[in-house]
Protein chains: 4
Amino acid sequence: MIDRILAATAQVLEERGYAGLSTNRVAEQAGVSVGSLYRYFADKNELIEELRARSSADVLGELTGALTDAVAMPARDGVRHVLAVLVGSLQRHRAITAAMIDEAPLGAHGNILPEVERQLAQVTRIFVAVHAPSLDPAEAEARIHLAMGVALNACLRIALQPAPGITEDRLIDLTADLMVLGLVPDPLGRSATHAE
Amino acid sequence: MIDRILAATAQVLEERGYAGLSTNRVAEQAGVSVGSLYRYFADKNELIEELRARSSADVLGELTGALTDAVAMPARDGVRHVLAVLVGSLQRHRAITAAMIDEAPLGAHGNILPEVERQLAQVTRIFVAVHAPSLDPAEAEARIHLAMGVALNACLRIALQPAPGITEDRLIDLTADLMVLGLVPDPLGRSATHAE
Amino acid sequence: MIDRILAATAQVLEERGYAGLSTNRVAEQAGVSVGSLYRYFADKNELIEELRARSSADVLGELTGALTDAVAMPARDGVRHVLAVLVGSLQRHRAITAAMIDEAPLGAHGNILPEVERQLAQVTRIFVAVHAPSLDPAEAEARIHLAMGVALNACLRIALQPAPGITEDRLIDLTADLMVLGLVPDPLGRSATHAE
Amino acid sequence: MIDRILAATAQVLEERGYAGLSTNRVAEQAGVSVGSLYRYFADKNELIEELRARSSADVLGELTGALTDAVAMPARDGVRHVLAVLVGSLQRHRAITAAMIDEAPLGAHGNILPEVERQLAQVTRIFVAVHAPSLDPAEAEARIHLAMGVALNACLRIALQPAPGITEDRLIDLTADLMVLGLVPDPLGRSATHAE
DNA sequence: AATGAATGAGATTTCATTCAT
DNA sequence: AATGAATGAAATCTCATTCAT
């Protein structure tokens with residue numbers, strides 16, 4: 001029943017947008033009475049929260065696979081792979097993601113998928129520890145904080161916005177480059193030369 | 001009167017969020033009748049649009065000054081300066097910016113201040129032409145597109161989100177680095193080495 | 001519930017006129033919430049339409065009986081009977097009829113009860129075919145068109161307006177005469193004499 | 001100024017209908033302030049009343065000429081002439097007349113132009129006295145009352161409604177016939193034969 | 001006299017939420 | 001557990017009318 005209601009919520013969101021999302025409409029779409037909806041969800045907000053949490057979990061699931069794959073790859077390739085999977089996942093949840101970003105009263109900017117960001121940050125910490133072990137921990141955190149924002153925002157842009165004249169692949173490439181550059185102070189030992 | 005109404009709109013937005021923004025509430029806050037509000041604004045949307053336009057213009061004004069200053073500076077310093085000013089400006093318009101980003105049905109994801117992004121992109125094009133003249137135009141556009149998203153999103157994060165344990169300055173530094181790295185393929189002639 | 005709302009609508013119409021007919025007032029009069037009103041009627045217009053349709057159907061029902069009776073009577077008696085019943089029916093629906101005629105934005109002048117007029121016209125066509133078979137069809141239509149206006153208007157006047165010093169019966173008599181005269185070119189073979 | 005306001009009222013009525021008639025709109029159309037409008041008219045109702053009175057007077061003026069002409073004509077021709085002029089006059093005031101009939105809260109059914117009806121009745125009394133001198137006075141009044149309704153309603157129909165497949169002239173002819181028949185019990189001495 | 005900005009009651013309509021069945 | 005009719009606060013917007021200038 002909960003699943004049916006959440007599925008209906010997602011569909012209404014896709015078809016009518018956040019402004020057109022009413023509890024009655026959701027119940028009707030779900031083939032359920034409003035009363036039942038309120039048996040399983042305290043209020044409209046909880047309904048939305050739950051849907052977001054589930055979408056987040058979905059994305060997270062796909063992401064976890066990608067992260068597992070990524071550890072076996074060269075750094076930049078791994079990052080790229082993760083980003084590509086994230087973009088795909090967001091596209092698959094396009095409707096809900098879009099509706100939420102545009103309109104839902106989230107109260108956190110860009111943190112549409114906080115769990116995703118957290119998980120990504122977790123793995124990124126390991127990545128940084130491996131590829132830039134000498135980096136000061138506080139400095140590393142700062143870079144990760146920033147990089148997460150950049151990565152999520154970039155992926156959302158790539159996934160949801162029509163890029164004029166630029167292929168999605170190229171954008172993912174660039175983002176991957178950017179992340180590696182941003183996270184690892186000197187990915188190719190340039191700093192040695194640079195420091196001289 | 002228009003100013004009073006817009007000021008009231010901003011305040012209601014701060015106190016109640018976008019969802020709590022009603023024309024009656026705005027009128028009351030402004031100490032004005034609803035009728036008057038509708039004398040000056042055709043409808044609720046126009047009211048919001050006007051507020052956004054004004055905020056946008058304000059930010060844009062401050063940004064323009066920063067961009068003018070920046071041309072006389074070394075590349076990275078110029079970029080940093082612009083970002084710092086942008087962060088400050090967004091902080092000063094925190095309330096409206098935040099409300100609009102989170103909740104206003106803008107239809108452009110993260111692109112809350114389209115004018116700002118456009119203006120920034122314009123100048124960035126020149127920056128790229130100067131500092132990476134050999135870059136393929138399409139490639140340059142892709143990088144700028146991405147960089148604008150990154151820059152705005154990063155500035156918004158810095159301006160609006162409590163950064164745990166990291167100074168704002170450090171984040172701006174990192175963002176500046178990132179932008180330079182992202183926009184100019186090989187700021188230090190690294191690619192020569194890279195190619196071998 | 002629908003009935004209660006419609007009854008309330010009729011009552012408000014009687015007491016306050018069309019201009020004083022508000023959905024809130026109707027709901028209050030019906031002892032029902034506005035929300036309920038809107039559960040059963042899509043909008044104010046539908047409410048009014050439904051009331052008109054029902055009144056129309058009521059009048060039509062009574063009219064149909066009268067028309068059935070009338071066929072078995074001599075022409076003038078039949079006409080008179082129909083008119084008398086129509087007057088009575090309109091009087092019984094006085095409030096709604098009056099409000100609608102005077103004020104509802106119908107777009108058809110005097111044609112308040114289009115169904116009634118149509119039904120009446122239908123039977124009148126047969127009447128004419130029987131009593132004035134030699135009449136040119138176009139001419140017959142013209143006469144019927146006119147007669148319907150006359151009949152309805154006359155009945156409305158009789159039903160709704162205080163006739164000073166004239167009995168209702170006498171007015172109905174006169175109207176019946178008029179209709180017979182108007183519909184049948186020469187009810188008593190006068191034209192033969194006339195032609196000489 | 002009064003004239004300007006009334007002219008503006010008429011124009012707004014034509015362009016926007018009764019529902020679109022607002023005092024502010026009228027004032028604007030007249031190039032006058034609302035305040036001024038309220039200096040000359042106690043309220044909106046008075047404005048409308050005055051406009052109706054003036055339209056009525058206009059129609060009345062044209063009618064008076066026709067009535068003067070009519071006295072010199074044979075009965076039926078005179079009646080026909082008056083009706084034709086009335087139809088023309090109503091057509092010339094079509095917009096206002098139509099708006100008023102359909103929507104204005106008149107409170108009197110069909111009595112849109114009470115002065116016109118009264119004047120017409122006055123002359124008709126003379127007509128009846130001349131052409132049916134033996135008619136009982138009460139009976140005469142009844143016939144006149146009815147005939148006025150018929151005449152005005154018929155003229156309004158002819159003037160304002162698209163008659164499908166029937167010429168306006170023919171309808172006026174029929175109406176004239178009807179009125180003569182209705183007013184004079186036996187215009188051609190038929191009753192003598194009838195009475196036997 | 002004239003202006004027109006300001007008023008505010010009131011109209012239509014929506015929708016989250018409740019509760020008797 | 002489930003239903004869904006009923007609720008009513010609240011939102012947007014209009015417009016007749018007033019009154020300080």
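Reckoned from all heavy atoms, side chains included, excluding hydrogens, waters and symmetry mates. Letters A, B, ... are given to chains in the order of the sequence lines, protein chains preceding strands, and every chain is numbered from 1.
- Atoms CZ and CD, on D:R25 and D:E15 in that order, are 9.5 Å from each other to the nearest 0.5 Å.
- The one candidate from D:E46, D:R52, D:R54 that meets the side chain to side chain contact (heavy atoms under 4.5 Å, CB included) condition with D:E50 is D:R54.
- Between C:L90 and C:L160 there is no side-chain heavy-atom pair separated by less than 4.5 Å.
- Taking atom OH of C:Y38 as the reference point, atom P of F:dA9 lies 17 Å away to the nearest angstrom.
- To the nearest 0.5 Å, the span separating CG on D:L156 from CG on D:N153 amounts to 6.5 Å.
- Residues from residues 20-34 of chain D with heavy atoms under 4.0 angstrom of DNA chain F, sorted by number: D:L21, D:S22, D:T23, D:N24, D:V34.
- Between the P atom of E:dA1 and the CD1 atom of D:I2 lies a distance of 11 Å, rounded to the nearest Å.
- Regarding A:R4, its CZ atom lies at a distance of 14 Å from the C1' atom of F:dA1, rounded to whole Å.
- No more than 12 heavy atoms of other residues, nucleotides or ligands lie within 6.0 Å of CD in D:E28, so this atom counts as exposed by the packing criterion.
- Counting heavy atoms from C-beta outward, D:R16 and D:L21 have side chains that stay 4.5 Å or more apart.
- Atom P of nucleotide F:dA1 and atom CG of A:L37 are separated by 16 Å, given to the nearest angstrom.
- Across the protein-nucleic acid pair, D:Y18 atom OH and F:dC15 atom C1' stand 13 Å apart, rounded to whole Å.
- Of the residues A:T9, A:I2, A:T23, the one that meets the side chain to side chain contact (heavy atoms under 4.5 Å, CB included) test with A:F41 is A:I2.
- One can place CZ of D:R39 at 13 Å from C1' of F:dT18, the figure rounded to the nearest angstrom.
- For D:N45 and F:dT17, the CG to P distance is 9 Å, given to the nearest whole Å.
- Residue order along DNA chain F, read from the 5' end via each residue's closest nucleotide, puts B:D43 first among D:G35 and B:D43.
- When base pairs are accepted only as Watson-Crick or G-U wobble with both N-N or N-O distances under 3.5 Å, DNA chain F takes part in stems of 3 or more pairs at E:2-21 with F:2-21.
- Annotation: the span from B:D43 atom CG to B:I48 atom CD1 amounts to 9.0 Å, rounded to 0.5 Å.
- Dashed line: the shortest gap from a side-chain N or O of B:S36 to OP1 or OP2 of E:dA5 is not under 4.0 Å.
- At whole-Å resolution of the value, CZ in B:F41 and C1' in F:dT14 are 18 Å apart.
- Looking only at side-chain heavy atoms (C-beta outward), D:L47 and D:L6 come within less than 4.5 Å of each other.
- For B:Y40, the side-chain atoms get nearest to E:dA6 when compared with the rest of F:dT7, E:dT17, E:dA6.
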